[in-house]
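Below you'll find the structure, written out as structure tokens, and then a few comments.
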Amino acid sequence: MNLEWLGRQFDNIVFLLGWHVLLAVTPLILGLLIALPLGWWAHRSRRIYPLLVGTAGLLYTVPSLALFVLLPLVLGTKILDPLNIVAALTIYTVALLVRVVADALDSVPEDTVQAAKAMGYRGYQSLLKVELPVGVPVISAGLRVAAVSNVSLVSVAALLGIPQLGSLFTQGFQLRFFTPIIAGIILCVVLAMILDGLIILLNRWLTPWTPKVVAS
Amino acid sequence: MINYLFDPAHWTGADGIPNLIGEHLVYSLIALAIAAVIAVPLGIYIGVTGKGVFLIAGLANALRALPSVGLLILLVLLISPAFPSKMGYVLPSLIVLVLLAVPPILTNTYAGIRAVDAAAVDAAKGMGFRTMRILTDVQLPCSLPLVLSGVRSALLQIISTATIAAYISLGGLGRLLIDGKAQNDYSQMVAGAVLVALMALFFDQLLAFITRRIVSPGLTRRLVKTAAAVDTVKIPATV
């Protein structure tokens with residue numbers, strides 16, 4: 001590791017890290033917002049479930065580099081537009097979470113739903129105040145997978161020249177220089193771990209009734 | 001945009017599309033075979049004996065966070081000086097592909113063996129089956145659906161990452177994407193992206209089909225009804 005180089009590049013690395021966070025977290029939030037109603041729909045209708053989950057599975061099959069290249073055709077953007085990355089990762093996040101949200105709602109015990117109904121909660125009230133909160137642990141488990149894989153997938157966009165931590169890899173390759181590559185890998189892994197930890201904390205904060213066991 | 005695909009000139013020669021598809025396939029299948037040879041026996045061993053379970057959880061989580069582009073480039077810089085030929089690029093790519101494919105196969109094989117109904121194993125024991133025969137005739141056939149679904153995710157991961165490996169001058173369909181980028185030829189990139197996507201979808205569906213054909217009907221009977229299948233795929237709520 002060449003610490004002197006790292007010191008000189010500090011501003012640039014912070015800039016790349018900022019973009020990486022933005023490109024990984026925005027799709028996570030957008031994806032969750034889209035997956036919640038879709039997952040609820042799949043949970044409600046046994047006919048829609050296989051259709052939605054099947055389509056999601058197919059979308060998830062498309063390799064990331066291919067999706068980054070194909071999206072400009074659909075969106076009318078330029079190939080270097082960071083929007084392509086946000087759109088592609090949102091698609092992956094939705095594909096992963098639709099099934100998770102549906103299964104989370106399915107996992108709510110029937111007794112709980114009945115009790116909510118007996119206490120006067122109806123339709124949306126029961127969903128927002130009882131079923132979704134009870135399903136939070138399952139949803140957050142899925143969200144953790146999406147967050148970690150998003151961080152890793154964003155770095156692929158460096159091959160197209162979109163600046164983020166992956167740019168350190170291509171830079172290191174061109175210069176035959178280890179320092180940026182190792183710094184990039186460490187920052188990616190640390191970022192993934194921080195996001196993962198934040199979701200674990202959020203989960204605990206949202207479900208104060210669960211026993212305090214150490215999450216794996 | 002799709003003209004590139006229909007130009008006959010792109011369908012012949014060393015850089016022709018059939019050749020690139022062939023290369024992509026060869027790298028992918030070699031990597032998958034190596035990963036399976038490592039992961040399946042290891043998964044069976046851990047599943048049957050219960051030794052080394054910590055390996056399963058740690059490996060699956062740690063490798064998901066590791067950026068494959070960074071790992072690939074790091075290995076190229078480390079390994080290629082030692083091999084002056086093309087091997088200096090092929091070897092790091094294969095190592096990365098195998099590394100990414102081992103965890104899904106390993107964890108699913110382990111989970112598959114663990115999920116076998118204990119009553120079935122006891123019944124086989126009661127009928128006088130030895131340990132080895134229980135493994136080959138009961139535990140393995142019962143865990144086959146999970147093992148194959150692990151192989152399926154591993155193959156997807158490999159096909160996807162083999163595309164990226166074109167960046168460090170490996171062959172395969174990724175060439176169209178990387179060369180197209182270098183030449184500012186968007187139609188070439190689109191052609192590559194479409195072909196890679198089709199290849200991934202094709203092999204995913206092929207493995208799904210194979211799974212349906214070779215898994216014992218006794219196990220799949222309940223999976224025929226989608227409503228029942230829903231109950232079998234839940235993520236444990238205690239994570």
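Lettering of chains follows the sequences in order, A, B, ..., and the numbering in each one begins at 1.
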pair [X]-[Y]: side-chain heavy atoms closer than 4.5 Å:
{"X": "A:Leu159", "Y": "B:Lys181", "answer": "no"}
{"X": "A:Thr61", "Y": "B:Phe203", "answer": "no"}
{"X": "B:Met189", "Y": "A:Pro72", "answer": "no"}

Closest contact, heavy atoms only, [X] versus [Y]:
{"X": "A:Val62", "Y": "B:Ala197", "answer": "CG1-CB, 3.9 Å"}
{"X": "A:Phe169", "Y": "B:Pro67", "answer": "CZ-CG, 3.7 Å"}
{"X": "B:Val190", "Y": "A:Val69", "answer": "N-CG1, 4.0 Å"}
{"X": "B:Leu77", "Y": "A:Gly172", "answer": "CD1-O, 3.9 Å"}
{"X": "B:Ala65", "Y": "A:Val189", "answer": "O-CG2, 4.0 Å"}
{"X": "B:Leu66", "Y": "A:Ser152", "answer": "O-OG, 3.5 Å"}

**Message:** Please classify the contact of A:Val53 with chain B as side chain, backbone, both or neither, using a heavy-atom distance under 4.5 Å.
**Reply:** neither
**Message:** So for A:Tyr60, is it side chain, backbone, both, or neither that comes closer than 4.5 Å to the heavy atoms of chain B?
**Reply:** neither
**Request:** Considering only heavy atoms and a distance below 4.5 Å, find which of B:Ile159, B:Leu201, B:Thr163 pairs most often with chain A.
**Result:** B:Leu201
**Asked** Under a 4.5 Å heavy-atom cutoff, which of B:Leu198, B:Val196, B:Leu72 has the most pairs with chain A?
**Response** B:Val196
**Prompt:** Are more than 12 heavy atoms from other residues, nucleotides or ligands located less than 6.0 Å from atom CZ of A:Arg176?
**Reply:** yes
Contact leader toward chain B among [options], where contacts are heavy-atom pairs under 4.5 Å:
{"options": "A:Val151, A:Leu160, A:Leu168, A:Val154", "answer": "A:Leu160"}
{"options": "A:Gly166, A:Ala192, A:Ser155", "answer": "A:Ser155"}
{"options": "A:Thr170, A:Ile182, A:Leu191", "answer": "A:Thr170"}

**Request:** Please check if the side chain of B:Tyr186 supplies one atom and the backbone of A:Ile79 the other of a donor-acceptor pair under 3.5 Å.
**Result:** no
**Request:** Measure the spacing between CG of A:Leu153 and OG of B:Ser160 and express it to the nearest 0.5 Å.
**Result:** 7.5 Å
**Request:** Any chance you could measure B:Ser187, atom OG, to A:Leu73, atom CG, to the nearest 0.5 Å?
**Result:** 10.5 Å
Please classify the contact of [X] with chain A as side chain, backbone, both or neither, using a heavy-atom distance under 4.5 Å.
{"X": "B:Thr161", "value": "neither"}
{"X": "B:Gln205", "value": "side chain"}
{"X": "B:Leu156", "value": "side chain"}
{"X": "B:Leu173", "value": "neither"}
{"X": "B:Leu177", "value": "side chain"}
{"X": "B:Leu195", "value": "neither"}

